A.B. asks: 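Here you go, one structure.
Computed over heavy atoms, backbone and side chain alike; hydrogens, waters and symmetry mates excluded. Numbering of residues begins at 1 and proceeds along the displayed sequence. The structure presented is a predicted model; accordingly, all values stated were derived computationally and were not measured.
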Amino acid sequence: MTVYHVTEFLVVGAIVGYSAWNLARRFAPKRGSSNAGGCSSCDSCGSCDTPAPKSKPSAEHRVRFHRG
């Protein structure tokens with residue numbers, strides 16, 4: 001192996017490792033909780049700075065036909 005091949009392996013390995021680290025950081029579940037209100041999330045009670053969620057619309061929708 002030449003110095004070029006070793007350098008190439010190191011550069012490609014660093015790029016792949018950095019990409020894997022970013023992927024894991026984005027999609028892995030976050031550990032720990034910083035909820036001061038003691039609830040499971042800010043969406044459930046609204047005691048934190050975020051506003052309480054509005055009621056979600058049902059999954060069923062009426063079909064409406066419009067005349068063209």
A.B. asks: Do the side chains of Val6 and Val3 join up, straight or via other hydrophobic residues, at under 4.5 Å, putting them in one cluster?
C.D. replies: no

A.B. asks: For Val11, check side-chain contact (heavy atoms from CB on, under 4.5 Å) against everything at least two apart and list the hits.
C.D. replies: Thr7, Ile15

A.B. asks: Run through the side-chain heavy atoms of Ile, Leu, Val, Met, Phe, Trp and Tyr, join any pair under 4.5 Å, and report what else lands in Leu23's cluster.
C.D. replies: Phe27

